[in-house]
Amino acid sequence: MMETPDTAGGTPPLLRVLDLVKYFDVSGGAFRRLLYGRRTVQAVDGVSFDVARGETLGLVGESGSGKSTTAKLIARLLPVMSGDVFLAGRDILKASTSDMKALRKDIQFVFQDPFSSLNPRMRTEMIIGRALTIHSGLHGDARRERVVQLLEQVGLSAQHLERYPHEFSGGQRQRIAVARALATEPSLILADEPVSSLDVSIQAQVLALLQELRTRLGLTMVFITHDLNVAEYVSDRIAVMYGGKIMEEGATDDVMQRPLHPYTKALLDTRPRIGHPGQLRPLEGEPAVPLNPGPGCRFASRCPLRIAECTVQAIPPVEKRRGHRVACIRA
Ligand SMILES: Nc1ncnc2c1ncn2[C@@H]1O[C@H](COP(=O)(O)OP(=O)(O)O)[C@@H](O)[C@H]1O
Ligand SMILES: [Mg+2]
């Protein structure tokens with residue numbers, strides 16, 4: 001019997017991303033354009049996914065695959081070329097400027113490098129407090145009390161209120177960035193490589209904190225990482241991006257244990273595993289920069305399973321198993 005796609009019943013997903021497209025013109029000046037023609041990077045090319053309330057979606061892929069651009073489009077930090085983003089059923093790309101303030105509160109970013117995302121001239125109380133004043137109108141003692149609460153939620157305390165970013169370790173700074181993100185009680189957190197700049201031991205602590213906050217506060221997250229081990233640890237579902245497109249998406253266990261796409265399989269083969277150093281095999285070829293790409297699959301040039309048809313046309317992700325989509329004619 002045919003399974004019908006999982007569209008029936010229930011509340012809408014907290015986040016629905018539909019066919020997002022963003023190209024960058026990198027032709028350079030008029031002279032370069034004349035010499036080399038128009039050069040377009042198809043950074044995000046038809047990306048769709050849902051994130052249910054309380055769920056964490058891991059968005060995984062090598063550098064340049066379009067992960068950050070996707071997040072910026074969702075938060076409206078970049079204008080889309082086409083596509084839609086729905087938050088709790090509301091089309092946020094069509095939100096008016098007056099709705100934008102509410103939106104800024106509802107979607108919060110945590111960036112890779114907390115040092116550049118925290119104002120070096122502000123004390124912790126001000127960094128977190130400013131968000132509280134803008135979005136909740138809190139001032140004075142009430143505000144300070146709430147800042148302390150937020151600091152405690154991320155494993156810091158009142159003794160850190162007066163300190164400047166440079167007085168903290170990298171891990172502590174990222175805790176402050178998380179506290180600031182939580183200050184507006186957002187419904188969605190976009191975390192873009194939030195632990196990638198930290199030492200491995202500190203990474204584990206910050207990841208554990210995010211997991212704990214998730215359970216306690218029911219956070220919904222899009223967690224961007226190039227590291228499959230990190231994605232596996234934090235995600236309920238994983239979407240694998242390559243060259244601006246989603247290659248595979250499914251429940252974390254399905255993607256990690258029963259990958260369908262040759263790219264996912266290659267990534268899994270190359271990931272360093274404790275106790276298996278001998279199994280580390282580099283993925284052959286360079287990651288595709290989607291610069292004026294042809295109509296074929298973006299991964300075709302590196303794919304061990306490539307057949308002639310792969311370079312002629314690419315297929316969108318289709319459901320192969322329940323809740324497990326793959327964009328590959330060989331899968
Ligand atoms: N503002 C920009 N101008 C031109 N190209 C860009 C810009 N932002 C991103 N790109 C290009 O788009 C592609 C995807 O980038 P990005 O979304 O940052 O990937 P990721 O976060 O997965 O590393 C890359 O080829 C990158 O060079
Ligand atoms: Mg990025």
Distance from Gln257 atom CD to Leu268 atom CG, nearest 0.5 Å? 9.0 Å
Would one find more than 12 heavy atoms of other residues, nucleotides or ligands at under 6.0 Å from atom CZ of Arg53? no
State whether a side-chain donor-acceptor pair under 3.5 Å links Thr124 with Glu162. no
Using modelled atom types and a 3.5 Å cut-off, is there a donor and acceptor pairing between side-chain atoms of Glu55 and backbone atoms of Ala52? yes
Could you tell me whether a side-chain N or O of Ser169 sits under 3.5 Å from a main-chain N or O of Gln172, the two making a donor and an acceptor? yes
Roughly how far, to the nearest 0.5 Å, is the CD atom of Glu232 from the OG1 atom of Thr225? 12.0 Å
In terms of side-chain geometry, is the basic nitrogen of Asp254 or Arg237 positioned less than 4.0 Å from the acidic oxygen of its partner? no
Would Asp91 and Lys94 pass as an ion pair if we require N to O under 4.0 Å? yes
Going by heavy atoms in the side chains, are Leu57 and Asp236 under 4.5 Å from each other? no
Under a 4.5 Å cut-off applied to non-hydrogen side-chain atoms, are Gln153 and Arg216 in contact? yes
Any luck finding a side-chain donor-acceptor pair between Ser48 and Asp19 under 3.5 Å? no
To the nearest 0.5 Å, tell me how far Leu34 CG sits from Ser27 OG. 11.0 Å
Are Ser82 and Val21 packed together at the side-chain level, in the sense that at least one heavy-atom pair is separated by less than 4.5 angstrom? yes
is_close_aromatic(Phe168, His160), centroid dist under 6.0 Å: yes
Under 3.5 Å, is there a donor on one side chain and an acceptor on the other for Gln203 and Tyr233? no
Using modelled atom types only, decide if a donor and an acceptor are shared between the side chain of Arg16 and the backbone of Asp50 within a distance under 3.5 Å. no
More than 12 heavy atoms from other groups under 6.0 Å of CZ on Arg321: yes
Report the relative orientation of the aromatic rings in His261 and Tyr263; use parallel for angles under 30°, tilted for 30 to 60°, perpendicular for over 60°. perpendicular
Under a plain distance cut-off of 3.5 Å, with no hydrogens placed, do Glu193 and His226 share a side-chain donor-acceptor pair? yes
Would you call Ser187 and Leu14 a side-chain contact if the rule is heavy atoms closer than 4.5 Å? yes
Starting at CE of Met247, measure out to CZ of Arg325 and round the result to the nearest 0.5 Å. 12.0 Å
Within the side chain of Ser197, is there an N or O that forms a donor-acceptor pair under 3.5 Å with the backbone of Gln112? yes
Any side-chain donor near an acceptor of the partner, Arg298 and Gln42, under 3.5 Å: yes
Validation row: Gln149, Glu145 side chains within 4.5 angstrom (heavy atoms): no
Donor + acceptor pair across side chains of Arg214, Thr56 (<3.5 Å): yes
Closer than 3.5 angstrom, by distance alone: can the side chain of Thr40 be matched with the main-chain N or O of Asp25 as a donor-acceptor pair? no
Got a second to check how far Met221's CE is from Leu210's CG, nearest 0.5 Å? 5.0 Å
Quick one: are Glu152 and Val148 in side-chain contact, heavy atoms under 4.5 Å? yes
Does the side chain of Val60 come within less than 4.5 Å of Met241's, by heavy atoms? no
Do any N or O atoms from the side chain of Thr311 and from the backbone of Ala308 form a donor-acceptor pair under 3.5 angstrom? yes
Quick one: pull up OH in Tyr242 and OG1 in Thr264 and give me the separation to the nearest 0.5 Å. 12.0 Å
Give a yes or no on whether the backbone of Leu260 and the side-chain of Glu248 come within a donor-acceptor separation of less than 3.5 Å. yes
Test your reading of the model: is there a side-chain donor-acceptor pair from Lys245 to the backbone of Val47, 3.5 Å cut-off? no
